[in-house]
Participant: 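Handing you a structure now.
Counting convention: from 1, in listed order, for ligands and their atoms alike. For the numbers below, each heavy atom of this structure counts, side chains included, while hydrogens, waters and symmetry mates do not. All figures in this text were calculated on a predicted structure; none of them were measured in a lab.
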Amino acid sequence: MRSSAVLILLVAARASASAAPSLSTLSLSSFPLPSPLSPTHPGASSSSSPSTPLSRLPPTLLPQSLSPSMPSTSNLASLSSSRSNNSPPSVLPTTTSIRVLTEPGPSGIPIIPYTFAAFPSPSSEPPIQGVYPASSPKLPPPVEIPALAPDFALAWTRAHQKAKAKIESWSLEEKVNITTGVGWENGRCVGNIAPIGDFPGLCLEDAPLGVRFADFATVFPAAINAASTWKRSLLRARGVAMGKEHVGKGVNIALGPMMNIGRVAQGGRNWEGFGADPFLAGVGAYETILGMQSAGVQACAKHYIDSEQENQRKVESSNIDDRTRHEIYVAPFLRSVMAGLASVMCSFNLVNGTYACENNNTLNGILKNELGFQGFVMSDWHAQHSTMSAMTGLDMTMPGDIFFFSNTTYFGTNLTAYVQNGTIPEARVDDMATRILASWYLLGQDSPNYPKTNFNAFLPLDEATNEHVDVQDNHGELVREIDRSSVVLLKNVNDALPLKKPRKLVLIGSDAAPAHIAGPNEFSDQGGVDGVLTIGWGSGTAWFTYKISPYEAFQARARIDHTSFSWFFDDFNLVGAATAAVEQDVAIVFLQSDSGEGYITVDGNVGDRNNLTAWLNGDALVQAVASQNNNTVVVVNSVGPLILEPWIDHPNVTAVVWAGLEGAETGNALVDVIYGAVNPSGRLPYTIAKSPQDYPAQLALGGNGEEILNITYLEGLFVDYRHFDAANITPRFEFGFGMSYTEFEYSDLNLVPVEYIGEGQDGQLEANWLAGKPGPQGVGSSTALWLHRPAFTVSFTIQNTAHVAGTEIPQVYLHFPVGAGEPPSVLRGFTDVELQPGEEKSVSVTLSRYDLSVWDVRSQSWMRALGTYSLSVGASSRDFRLKGTLSL
Ligand code: NOJ
């Protein structure tokens with residue numbers, strides 16, 4: 001972030017360069033040969049590579065309505081005049097001649113000479129005192145004051161200065177080397193940059209929930225569970241602990257968090273992210289990154305962007321309008337950049353017909369220009385398609401080879417040759433190397449004390465390269481705390497829970513058990529099912545050092561009360577399960593539903609879930625048990641929404657506990673909640689529908705791996721609960737829902753504008769915004785302070801009106817003026833309030849101008865809507881307790 005004064009200057013500078021072409025807007029209408037082109041006719045690259053099947057070509061152009069900023073031609077000359085807004089001026093063709101190279105890649109980017117001017121690094125002007133403290137990522141603002149956003153401008157400026165000084169003595173080859181991974185399995189980590197002189201190189205390692213392929217590390221709850229706590233403090237603490245473990249193992253860049261929105265309920269990797277709302281996902285990303293980076297590891301926000309399903313993920317084009325992209329899918333990345341994010345991973349898919357890793361609009365235009373991102377962009381593993389992607393914003397290729405073990409690379413010698421022949425300016429390579437080094441300096445990883453990599457992801461049994469460093473500390477306690485805060489109580493008839501010293505208790509279903517064959521790491525990357533489900537499968541996993549199953553934890557707890565404890569783990573023996581439930585005081589049935597990354601198929605599910613029903617005969621199991629026991633409690637371990645209709649209204653199903661994916665401490669945490677040591681406070685981070693068809697978007701099936709599968713995001717802004725509200729569909733359990741063992745009352749809503757008028761340009765920008773005028777454009781325009789500073793304080797009182805202590809999660813939903821084109825309600829704030837019986841507290845949440853804005857496609861800026869804004873405060877997206885109107 002930077003001050004608006006500087007922003008204005010940048011806008012002016014940008015305006016003078018507005019004749020720049022926008023590569024983002026090119027369709028992949030051809031895969032140009034690396035032959036010399038007429039420099040005066042840059043769009044002439046229309047020949048197709050003979051080696052490239054035409055069937056792989058993306059669509060020529062999307063309908064104009066899908067992307068208003070998209071021009072109707074791929075001719076660069078016309079692009080430059082048709083789209084001066086939002087076009088980074090840093091990519092300018094020149095007229096020098098070029099040579100033929102060997103690895104151009106299947107790209108739509110014309111292979112012509114370009115010039116390049118780096119995006120400016122941020123201002124070092126003093127921050128606004130008391131509101132935006134100048135911050136180093138090592139000292140983020142306290143989590144208790146979410147409105148106290150940090151200003152990393154100075155830290156970035158210093159990091160860029162050091163990086164620039166460092167590369168001054170580097171040769172072109174050395175600068176290229178820092179952009180080029182060493183190739184798959186050529187180093188100890190899943191991604192590696194080789195040492196250069198006294199620069200020690202980089203270790204890049206998954207994952208979003210712990211250090212992948214490392215022993216003596218912690219498996220944290222999946223991000224989807226961290227999100228369902230709705231507690232910033234736990235999101236931050238989880239980030240800190242994960243960051244420390246990565247640092248302890250000598251990882252430089254941790255490949256998370258992942259922040260794709262769960263657009264499709266069946267999406268295989270939804271569990272790696274923070275749920276189906278951009279505000280919630282934004283908070284999840286922001287706090288996780290602040291936490292991770294405070295511990296010293298570089299975070300990596302992934303997958304940028306619009307990668308929402310596994311089916312055909314490498315050949316699907318997510319076709320989406322500019323407003324929806326900004327308001328829904330960019331939102332968590334914007335918050336990530338505000339957290340001082342070091343790196344971004346571009347995704348496999350195409351975005352409106354152009355691969356995400358060579359998309360000038362999303363990389364240069366949105367990420368580096370609008371958001372003012374100062375770190376570097378790496379490709380997802382083999383998601384790069386050309387050397388020319390350097391010009392559209394890609395800074396680092398991972399893992400470096402073009403495909404596994406290919407011994408070729410799009411960067412490396414090819415990038416060097418493209419610089420030597422004048423196609424790619426050396427200034428751009430300088431910028432790539434500077435960005436990578438700046439992120440390293442930003443986190444202080446140049447310190448001689450930064451741990452060396454001490455594990456080997458690919459050879460875990462090699463004693464020479466594995467020091468087996470124990471990085472777990474007491475993180476198991478934090479895992480248990482997050483777990484129990486993430487549990488969502490969905491049904492509780494007649495206070496069935498918490499349990500009150502049952503005489504006889506039975507656990508039913510294999511999901512209550514430990515893996516019965518080979519321990520918690522039985523399947524590679526967790527690609528299989530045996531015992532309790534605690535994370536999904538794929539690269540977002542880590543090895544369990546231990547895992548406490550429900551069976552172990554409940555048996556230990558039952559001993560305290562001298563409860564008779566039994567179990568039945570055969571999911572398909574319904575008679576046996578029903579019989580086991582007879583005469584028990586309570587029967588707890590465990591269900592699961594799994595998904596993961598598409599390179600592994602489990603039980604016919606190729607990453608994405610084939611359906612939204614319980615795995616392992618789960619529905620029949622509940623029905624069989626409930627037929628015999630009138631106190632049947634159901635625990636669900638699921639990667640995402642499930643259809644619960646077959647049994648949810650069964651009178652003998654007295655309680656439903658949504659456990660999600662809890663990582664290593666699942667059994668202990670469930671005991672804590674089910675026995676009442678902890679009062680549940682988790683809230684759903686997505687909607688549980690009555691029917692799969694009720695969701696606004698479905699998995700796009702088909703595709704043959706060759707042709708582009710076009711997926712048009714027809715639902716636009718109406719993702720998850722926004723659609724249910726707009727279409728008046730009653731869900732089974734709405735977004736934000738969760739019960740407690742106590743009750744809360746809300747009162748005294750107050751909506752007060754924040755008494756602060758920005759000085760100078762900021763004041764003018766605020767006045768313009770209020771008058772409904774477009775905002776500025778330029779580097780960092782979407783993360784500027786005036787836009788994100790608190791503008792309204794929403795305050796109210798909450799009282800615990802029953803007899804046990806508990807935590808309430810009050811949620812603030814904004815209702816935009818009619819005509820703004822927004823969904824009926826959108827989440828814009830939440831907090832967590834712990835209350836003793838009878839206790840009341842006053843609570844306040846702030847809203848920024850950004851929170852009150854829509855993305856205006858015409859002006860390419862954030863604007864207020866004209867008309868009356870109102871908001872509701874309540875316990876879920878449908879349980880509003882207080883309503884008020886904002887006076888803007
Ligand atoms: C591919 C996955 O999409 C990405 O999330 C992961 O970080 C890399 N593989 C490295 O494992």
Side-chain angles (χ1 to χ4, degrees), residues 181-193 202-214 222-224 242 246 249 251-261 267-274 285 288-289 292 297-316 318 332-333 336 341-350 355-357 376-385 394 396-405 455-458 460 524-527 535-543 595-600 606-608:
V182 300
W184 183 243
E185 291 192 9
N186 276 338
R188 289 190 188 186
C189 304
V190 297
N192 304 274
I193 295 292
L202 297 170
C203 160
L204 295 83
E205 187 66 28
D206 294 298
L209 54 61
V211 190
R212 184 183 181 203
F213 297 140
I224 197 69
M242 291 197 306
H246 278 98
K249 289 287 182 185
V251 173
N252 297 95
I253 300 150
L255 303 172
M258 126 85 186
M259 56 197 72
N260 299 132
I261 301 289
R269 300 184 73 177
N270 290 356
W271 59 274
E272 291 185 49
F274 297 99
T288 303
I289 291 164
M292 288 170 73
V297 76
Q298 299 180 47
C300 174
K302 69 184 188 185
H303 308 88
Y304 189 74
I305 192 172
D306 304 335
S307 166
E308 294 287 337
Q309 66 170 52
E310 289 301 280
N311 181 42
Q312 309 298 335
R313 65 177 176 168
K314 297 186 175 176
V315 281
E316 63 94 352
S318 297
F333 290 94
S336 303
L341 175 73
S343 69
V344 167
M345 184 189 293
C346 52
S347 51
F348 289 117
N349 55 294
L350 300 90
Y355 280 105
C357 285
F376 68 95
V377 179
M378 71 179 78
S379 66
D380 199 341
W381 271 229
H382 305 121
Q384 187 187 13
H385 293 272
L394 186 69
M396 178 189 279
T397 176
M398 273 293 145
D401 37 19
I402 290 179
F403 53 88
F404 289 121
F405 311 112
F455 71 107
N456 189 333
F458 301 109
S524 167
D525 287 338
Q526 297 293 324
I535 52 177
W537 73 76
S539 66
T541 57
W543 287 339
S595 73
E597 200 174 336
Y599 67 90
I600 297 175
V606 191
D608 304 313

Participant: Which residue holds the protein heavy atom closest to atom 9 (N) of ligand 1, what is that atom called, and what is the gap in Å?
Facilitator: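 Result for atom 9 (N) of ligand 1: Asp380 OD1, 3.6 Å.
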Participant: With the threshold set at 4.0 Å, does a side-chain nitrogen-carboxylate oxygen contact exist between Lys302 and Asp206?
Facilitator: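 So Lys302 pairs with Asp206 through a salt bridge.
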Participant: Which of these passes ring pair (Phe, Tyr, Trp, His ring centres under 6.0 Å) with His382: Phe348, Phe404, Trp184?
Facilitator: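 When Phe348, Phe404, Trp184 are each tested with His382, the ring pair (Phe, Tyr, Trp, His ring centres under 6.0 Å) holds only for Phe404.
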Participant: With a cutoff of 4.0 Å, is His303 in contact with ligand 1, counting heavy atoms of the residue only?
Facilitator: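 His303: in contact with ligand 1 (<4.0 Å).
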Participant: Specify whether Tyr355 and His385 have parallel, tilted or perpendicular ring planes, treating 30° as the upper limit for parallel and 60° as the lower limit for perpendicular.
Facilitator: parallel
Participant: Is there a polar contact, in the sense of an N or O pair closer than 3.5 Å, between Asp206 and ligand 1?
Facilitator: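 Checking ligand 1 against Asp206, an N or O pair does fall under 3.5 Å apart.
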Participant: Please check if the side chain of Asp380 supplies one atom and the backbone of Cys346 the other of a donor-acceptor pair under 3.5 Å.
Facilitator: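 Such a contact is absent between Asp380 side chain and Cys346 backbone.
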Participant: Spell out, as yes or no, whether a donor-acceptor pair under 3.5 Å connects the side chain of Ser343 to the backbone of Val377.
Facilitator: no
Participant: At under 4.0 Å between heavy atoms, is it the side chain or the backbone of Arg313 that contacts ligand 1, or both, or neither?
Facilitator: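 It is the side chain that touches ligand 1; the backbone stays farther off.
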Participant: Taking 4.0 angstrom as the limit and counting only heavy atoms of Arg212, give me the atoms of ligand 1 inside it, by number and element.
Facilitator: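 In order of numbering, the contacting atoms are 11 (O).
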Participant: Under 4.0 Å, heavy-atom basis, I'd like to know which part of Met345 is in contact with ligand 1: side chain, backbone, both or neither.
Facilitator: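 The answer is the side chain of Met345.
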Participant: At the 4.0 Å heavy-atom cut-off, does Glu272 count as touching ligand 1?
Facilitator: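 Contact check Glu272 vs ligand 1: negative.
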Participant: Could you list which atoms of ligand 1 come closer than 4.0 Å to a heavy atom of Glu597?
Facilitator: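 This gives 1 (C), 2 (C), 3 (O) as the contact atoms.
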Participant: Any atoms of ligand 1 less than 4.0 Å from a non-hydrogen atom of Ser539? List them with their elements.
Facilitator: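 Matching atoms, with element in brackets: 2 (C), 4 (C), 5 (O), 6 (C), 11 (O).
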Participant: Are any side-chain N or O atoms of Trp537 and backbone N or O atoms of Ile600, one a donor and one an acceptor, separated by less than 3.5 Å?
Facilitator: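 At least one qualifying donor-acceptor pair exists.
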Participant: I'd like to know if the side chain of Glu205 and the backbone of Val190 have a donor-acceptor N/O pair within less than 3.5 Å.
Facilitator: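 Present.
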Participant: So, the side chain of Glu316 versus the backbone of Ser318: is there a donor-acceptor pair under 3.5 Å, distance only?
Facilitator: yes
Participant: May I ask you to identify, for Lys302, whether its side chain, its backbone, both or neither come under 4.0 Å of ligand 1 on a heavy-atom basis?
Facilitator: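 For Lys302, the contact with ligand 1 is made by the side chain alone.
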Participant: Heavy atoms only: give me the nearest Met242-Gly210 pair and the separation to one decimal.
Facilitator: SD-N, 3.9 Å
Participant: Which atoms of ligand 1 are found less than 4.0 Å from any heavy atom of Leu255?
Facilitator: 7 (O)
Participant: Does the residue Arg269 have a heavy-atom contact with ligand 1, meaning some pair of atoms that are separated by less than 4.0 Å?
Facilitator: yes
Participant: Which of the numbered atoms in ligand 1 are under 4.0 angstrom from any heavy atom belonging to Phe348?
Facilitator: 3 (O)
